[in-house]
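The structure displayed is predicted, hence computed values, not measured ones.
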There are 2 protein chains.
Amino acid sequence: MDLEAVRTFVTVAETGQFQKAAADLSITQQAVSKRIAALERTLGVRLFTRAPRGAELTIDGQAFLPHARELLRVAERAVASARPGRRPLRVDVINSRGAGSGLMRGFHTAHPEIDLDVLMLFDIQGAVTAIRSGAIDASFRAVAAPGRPLPEGIESVRVLDEPLQLLIGPAHALAGARSVTLAQLAGHRIWMPGIVPGTEWTAYYDDLVAEFGLTIEATGPNFGSDALLDTIADTPALATFMGEHTLPQLPLGGAPSVWPADHGLRRIPVTDPTPVYPHSLLYHRDNPHPALATLRAHLTATTTGHDATGTWVPGWVIPR
Amino acid sequence: MDLEAVRTFVTVAETGQFQKAAADLSITQQAVSKRIAALERTLGVRLFTRAPRGAELTIDGQAFLPHARELLRVAERAVASARPGRRPLRVDVINSRGAGSGLMRGFHTAHPEIDLDVLMLFDIQGAVTAIRSGAIDASFRAVAAPGRPLPEGIESVRVLDEPLQLLIGPAHALAGARSVTLAQLAGHRIWMPGIVPGTEWTAYYDDLVAEFGLTIEATGPNFGSDALLDTIADTPALATFMGEHTLPQLPLGGAPSVWPADHGLRRIPVTDPTPVYPHSLLYHRDNPHPALATLRAHLTATTTGHDATGTWVPGWVIPR
DNA sequence: AGGTATCCACAACCATTCGTTGTTCACTAC
DNA sequence: GTAGTGAACAACGAATGGTTGTGGATACCT
């Protein structure tokens, strides 16, 4: 199917005749006729009834019209997403179920008129490089990795401290607990697959292990979130950490927000102290994108300062 | 922009190299190279970094990828909407703000997995013809026009009795009333532009006028809903009828559901008796579309029988 | 009723695009 | 260094898509 044919179809439907559409599109009437005929051939239905006074939509054409408009709208957005200069605000998040993604959803709800592109880069170095080059406008990260000061021009604002929770199956020894302390977790097996060495997450959990004597295994291949949840649910002696605002499953688009299979998983708050992910927004000081200022204002307005007493972050984290 | 190029882009992004993508698409590697180059030229950005081990997405490519997928998805739906056989359930409603549209929204919420196409045909004759030919699957109408029995094979189910309300401006004499009787309306000017002679609505209001001695004007050009509301709001002596479930304005897509300009309009219930629009679902007895049965079941389950005492419908309306 | 204007379809022709084959270039691994 | 892999460039043939020219059907006007 040809997008130009679809555009021609919409124009004919709007003008009511091939000739006016041809004038609008700066082509000849015969070209319009050919395009519509080709579209009708590929779809296998007649889209217009040709009358001596012009062309009228058939029922099939009426059903097709909103889809055609949507197609053109999506195509325009797709082009805009890549256009250099005046493109949508491009923000990197850690993963699609994390707190950064949730904050961006909130921003989109508050400012639906602002075009967004949310993407997931591999690590903080890539994000910083992308911010410096202007390829992306901002990034949600837990900064900064120890010994790696931010390059000149990159600024960061701590926007959300997300408490960690223990995620365990129904047969786990702590399944009935209303909360657990970090000290209680010593001796329990905690599994965090997918922690890639060299990323900021390694540094975070290294510090957590060193300070509270936990046993955290990062071994084994990471088969993705689903497999992790399955294993946690089925293994009584296994636990993992998950951010309080992190969804264990991707919300299904359009479907009622039920978790397809929650396996009876339990979320147990961690206390004394509560380890938190210090989410920060990274951006370039000189980035002129107007929506970036809106995003920063939105974040400072909605994520009011949390109480930091009783929480833990690595020592190298920049204070608020 | 060419959809085939977009499809090629997604395939390369998925396979990670031009050659595999070429094999998947049954074309040569050179053709893939050309298509990607052309797409990059039209977008003005580089989408892949060409490595000796294959192709990797650039940041721009990563931002473009979800849009590309969405574009292909929409294109597929667009084609499906017109495909003869196994197309989405196609339902005709009277207008986009009426009760039929609302019922279809409810059905979509309850069954998001069912593909729908909602369209608006001109009148009941056209709807019946379309149902007979199989061009549409069902239609929400106030049936049947007097003296026009339904053709063989067409069935109707009365699904909703929608009470009429009086819509008036803030300066109207009845603006303060909590409700009005039909008898009270005698002598007031009621304006119903856009009632096309020969449609079922003419018959409905003709009967209403004859039975209760009202003055209903259908004169003047119909400049659309906005103009009607403006006039009603500004003219103290003018009123119009509107269904209880009818939205005076189109809900804005994505925006908070505020009415852009409500002009201080008042809705006054009508009593003694309450005239109602008898909405029915029309469909062909032999229509095999599986979603049609689902729709009928949904409607009978959700629109439980309303109390008919104190309501009025024309005598020619088929009883429930 | 016949002429005329309007509007779309068909035919022929031409330019451009698109896909193919053949080949070259860059990089990696052994 | 040599073999192997993966993408780009060049040249050619086919097919697509645009144009001009023309014909046919219908409605309106005199």
Side-chain angles (χ1 to χ4, degrees), chain A residues 1-62 64-65 68 71-72 75 79, chain B residues 1-62 64-65 68 71-72 75 79 82 122:
Chain A
M1 209 182 28
D2 181 17
L3 277 184
E4 282 310 303
V6 174
R7 197 181 315 276
T8 308
F9 165 77
V10 172
T11 309
V12 173
E14 280 169 354
T15 59
Q17 52 187 45
F18 285 35
Q19 307 216 76
K20 288 219 181 87
D24 282 12
L25 298 170
S26 304
I27 55 176
T28 60
Q29 166 265 316
Q30 289 85 337
V32 173
S33 179
K34 273 194 182 181
R35 285 185 181 177
I36 298 297
L39 189 59
E40 287 177 331
R41 186 153 25 83
T42 61
L43 291 177
V45 297
R46 204 150 181 76
L47 294 172
F48 293 101
T49 55
R50 276 72 161 177
R53 273 302 180 200
E56 256 186 26
L57 282 171
T58 62
I59 307 261
D60 288 311
Q62 290 179 47
F64 184 67
L65 180 57
L71 192 54
L72 297 181
V79 176
Chain B
M1 210 182 26
D2 181 15
L3 277 185
E4 282 310 302
V6 174
R7 196 181 318 274
T8 308
F9 164 76
V10 172
T11 309
V12 173
E14 280 169 356
T15 59
Q17 54 185 50
F18 283 36
Q19 307 215 72
K20 289 217 180 85
D24 282 13
L25 298 170
S26 306
I27 55 175
T28 60
Q29 167 265 317
Q30 289 87 336
V32 172
S33 179
K34 273 193 183 181
R35 284 186 183 177
I36 299 297
L39 190 59
E40 287 177 331
R41 186 152 26 84
T42 60
L43 291 177
V45 297
R46 201 149 183 77
L47 295 171
F48 293 102
T49 54
R50 275 74 161 176
R53 273 299 177 203
E56 255 187 28
L57 282 172
T58 62
I59 307 265
D60 288 312
Q62 290 179 46
F64 184 67
L65 181 56
L71 193 54
L72 297 181
V79 175
F122 181 68

Could you give the distance from [atom1] ([X]) to [atom2] ([Y]), rounded to the nearest 0.5 Å?
X       : Y       : atom1 : atom2 : value
A:Asp60 : A:Arg46 : CG    : CZ    : 11.5 Å
A:Leu65 : A:Phe9  : CG    : CZ    : 5.0 Å
B:Gln17 : B:Gln29 : CD    : CD    : 10.5 Å

>> Show, in sequence, the C-alpha distance, side-chain angles and deciding distance for B:Glu40 and B:Arg50, and conclude whether the salt bridge (Lys or Arg N to Asp or Glu O under 4.0 Å) test is met.
In response: CA-CA 13 Å; B:Glu40 287 177 331; B:Arg50 275 74 161 176; 2.9 Å; yes
>> At under 4.0 Å between heavy atoms, how does the protein contact nucleotides 9-18 of chain C? Give one character per nucleotide, 5' to 3', with B, S or -.
In response: BB-B------
> Start at the 5' end of DNA chain C and walk down; is the nucleotide closest to B:Ala31 or to A:Gln19 reached first?
Replying inline: A:Gln19
>> Both A:Ser26 and B:Ala55 contact DNA chain D. Which one's nearest nucleotide lies toward the 5' end?
In response: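 The answer here is B:Ala55.
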> Does A:Thr49 reach the main-chain N or O of A:Glu56 with its side chain, forming a donor-acceptor pair under 3.5 Å?
Replying inline: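 Looks like yes, one N/O pair under 3.5 Å.
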>> Under a 3.5 Å threshold, yes or no: a donor from one side chain and an acceptor from the other, between B:Arg35 and B:Thr8?
In response: yes
> For A:Phe48 and A:Thr58, which heavy atoms make the closest approach, and how far apart are they?
Replying inline: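 Taking every non-hydrogen atom into account, C-CG2, 3.7 Å.
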> What's the shortest heavy-atom distance between B:Leu47 and B:Leu39, and which atoms?
Replying inline: CD1-CD2, 3.8 Å
> First and last nucleotide of DNA chain D in contact with chain B, 5' to 3', at under 4.0 Å to a heavy atom: what are they?
Replying inline: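 Footprint of chain B along DNA chain D, 5' to 3': D:dT5 to D:dA11.
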